Amino acid sequence: MKPKNAAGATAVVAIALLAAPLIAEAPAGLKSMELGRGPTIVLVHGLGGARTEWMPTARKLMGDHHVVMVDLPGHGESAMPDPFSYEACAAMLDQVLAKQKPESTVVVGHGLGGAIALLEAKAHPERMKGLIVIDASLKAPSQIPDEQKKFFVSFIEENYDQFLKMTFSRMGRDSAEGVALHARAALVPSGNMKTYFRTLIDLDATGAVKGLKTPLLFVGSSTSWPDTVQWATVAHLRGYEDAGAIATRRIAKSGQQIYADQPDTLAMVIRDFEKQVIAKK
């Protein structure tokens, strides 16, 4: 029966919309740069970084690999998910991995990029043969009371430039590297960085390593894993205590920019791990 007037037509449309299933719009994918052919290595940078930072290591791999470098959400040309969550970031990474050949794909994530890649491996283990995380923490160093959280957020809002410089300058092996890290982080929109900093207070991706089916390798630089410290201590501080069979590798004389100051060694570590996991049936 056709409605006899405009009001009736409006009611029919409204009822139809209410009855229709709601389809959530998928988050936009991450922007990437792809080089070379062969088994796939997906490189995910850390907070305040950029996909191009991987170029020194990518050059060592692209001769016989398909290297995919991605911009994290809110970095470079990649949009932020709305609403923001690390699970939403992992879902954006999933769109990149869905285009690769899972039987020959290894993902390498640095810092926070490693934590996001680990969430993706937990949600979609079928997307990759193995995962390497570099200097990645899966939790905040300690529990912070709510009042201190409020102070922390307020401090960032009121002193963002100072906080950014203080945070990234300390990450360098020396003052020159600290300046470079800060300069790169300053290119990321401040609103995006503030969102990351606010949510890092409550970061807890430790559950992602429990029962993980994907082969996992933790690579530590000298700055995050001094040669005087045992892996058990690092595992406790960074949230890997509940990981099952996890391989570890420490690269000596390396800093925060391990992908740039030790590209030959890092590429060798990636190749060795890739051969092991690809060989497994």
Side-chain angles (χ1 to χ4, degrees), residues 23-34 40-51 53-54 67-103 105-140 188-189 192-219 238-240 242-244 246 259 270 273 277:
I23 302 175
E25 184 177 350
L30 303 180
K31 296 297 182 181
S32 64
M33 178 187 300
E34 305 192 20
T40 300
I41 305 292
V42 178
L43 303 173
V44 188
H45 66 78
L47 180 63
R51 66 191 182 198
E53 72 186 32
W54 285 105
V67 180
V68 181
M69 298 175 285
V70 302
D71 280 329
L72 274 183
H75 294 63
E77 299 178 82
S78 294
M80 286 281 274
D82 185 17
F84 179 88
S85 70
Y86 292 110
E87 289 75 16
C89 292
M92 293 174 72
L93 176 60
D94 182 67
Q95 293 188 37
V96 176
L97 298 181
K99 299 175 183 178
Q100 314 305 323
K101 297 178 180 179
E103 70 277 5
T105 294
V106 169
V107 179
V108 184
H110 180 259
L112 185 59
I116 291 172
L118 186 53
L119 289 172
E120 164 63 5
K122 182 69 172 183
H124 295 284
E126 74 279 4
R127 297 290 195 214
M128 63 189 83
K129 286 291 288 185
L131 171 63
I132 300 174
V133 294
I134 304 172
D135 287 353
S137 291
L138 306 182
K139 63 177 183 177
V188 182
N192 297 349
M193 290 294 284
K194 289 176 183 178
T195 296
Y196 274 105
F197 285 131
R198 285 195 300 268
T199 52
L200 276 172
I201 302 174
D202 298 311
L203 173 66
D204 185 0
T206 56
V209 297
K210 296 178 181 179
L212 185 69
K213 298 178 181 179
T214 305
L216 176 64
L217 169 65
F218 179 94
V219 175
R238 293 182 175 265
Y240 294 89
D242 294 325
I246 175 174
Y259 41 78
I270 294 172
F273 179 72
V277 299

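Everything numeric in this text was worked out from a predicted model, so none of it was measured.
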(message) Using modelled atom types and a 3.5 Å cut-off, is there a donor and acceptor pairing between side-chain atoms of Thr206 and backbone atoms of Gly239?
(response) no
(request) Rounded to the nearest 0.5 Å, what's the gap from CG on Leu138 to CG on Asp204? Could you check? (result) 8.5 Å
(request) Give a yes or no on whether the backbone of Glu126 and the side-chain of Lys213 come within a donor-acceptor separation of less than 3.5 Å. (result) no
(request) Specify whether Tyr196 and Tyr86 have parallel, tilted or perpendicular ring planes, treating 30° as the upper limit for parallel and 60° as the lower limit for perpendicular. (result) tilted
(message) Working to the nearest 0.5 angstrom, can you tell me the gap between Leu112 CG and Leu118 CG?
(response) 11.5 Å
(message) Treating His45 as the side-chain partner and Leu72 as the backbone partner, does any N or O pair qualify as donor plus acceptor under 3.5 Å?
(response) yes
(message) Tell me if a side-chain donor or acceptor on Gln100 pairs with a main-chain N or O of Leu97 at a distance below 3.5 Å.
(response) no
(message) I'd like to check the side-chain contact (heavy atoms from CB on, under 4.5 Å) partners of Ala121; sequence neighbours left out, ordered by chain and number.
(response) Met128, Leu131, Leu212, Thr214
(request) Kindly compute the distance separating CE (Met80) from CE (Met92), expressed to the nearest 0.5 Å. (result) 9.0 Å
(message) Taking the side chain as everything from C-beta on, heavy atoms only, tell me whether Leu47 gets closer than 4.5 Å to His75.
(response) yes
(request) Output the distance between atom CD1 (Ile201) and atom CG (Leu203), rounded to the nearest 0.5 Å. (result) 11.0 Å
(request) Output, in order, the C-alpha distance, side-chain angles, deciding distance and verdict of side chain to side chain contact (heavy atoms under 4.5 Å, CB included) for Asp71 and Leu30. (result) CA-CA 6 Å; Asp71 280 329; Leu30 303 180; 5.8 Å; no
(request) Output the distance between atom CD1 (Ile116) and atom CG (Leu93), rounded to the nearest 0.5 Å. (result) 8.0 Å
(request) Heavy atoms only: give me the nearest Leu119-Ala208 pair and the separation to one decimal. (result) CD2-CB, 4.1 Å
(request) Check Glu34 against Ser32 and note the closest heavy-atom contact, atom names and distance. (result) OE2-OG, 3.8 Å
(request) Could you list the residues that satisfy side-chain contact (heavy atoms from CB on, under 4.5 Å) with Glu103, not counting sequence neighbours? (result) Lys101
(message) Using a 3.5 Å distance criterion without hydrogens, assess whether the side chain of Ser78 forms a donor-acceptor pair with backbone atoms of Lys31.
(response) yes
(message) Tell me whether the count of non-hydrogen atoms from other residues, nucleotides or ligands lying under 6.0 Å of NZ in Lys139 goes above 12.
(response) yes
(request) Over all heavy atoms of both residues, which pair between Val188 and Gly48 is shortest? Give the atoms and the distance, please. (result) CG2-CA, 4.1 Å
(request) Applying side chain to side chain contact (heavy atoms under 4.5 Å, CB included), run through Asn192 and Thr195 and close with a yes or a no. (result) CA-CA 5 Å; Asn192 297 349; Thr195 296; 5.7 Å; no
(message) Give me the atom names and distance for the closest heavy-atom approach of Ser137 to Ala115.
(response) O-CB, 3.8 Å
(request) Using the side chain to side chain contact (heavy atoms under 4.5 Å, CB included) rule, take Thr105 and Val68 through it: C-alpha gap first, then chi angles, then the decisive distance, then the call. (result) CA-CA 10 Å; Thr105 294; Val68 181; over 6 Å; no
(request) Write down the atom of Pro73, the atom of Cys89, and the distance for their closest heavy-atom approach. (result) CG-SG, 3.7 Å
(message) Parallel, tilted or perpendicular, judged at 30° and 60°: which one describes the rings of Tyr259 and Trp54?
(response) tilted
(request) Enter the distance from Asp94:CG to Glu87:CD here, rounded to the nearest 0.5 Å. (result) 13.0 Å
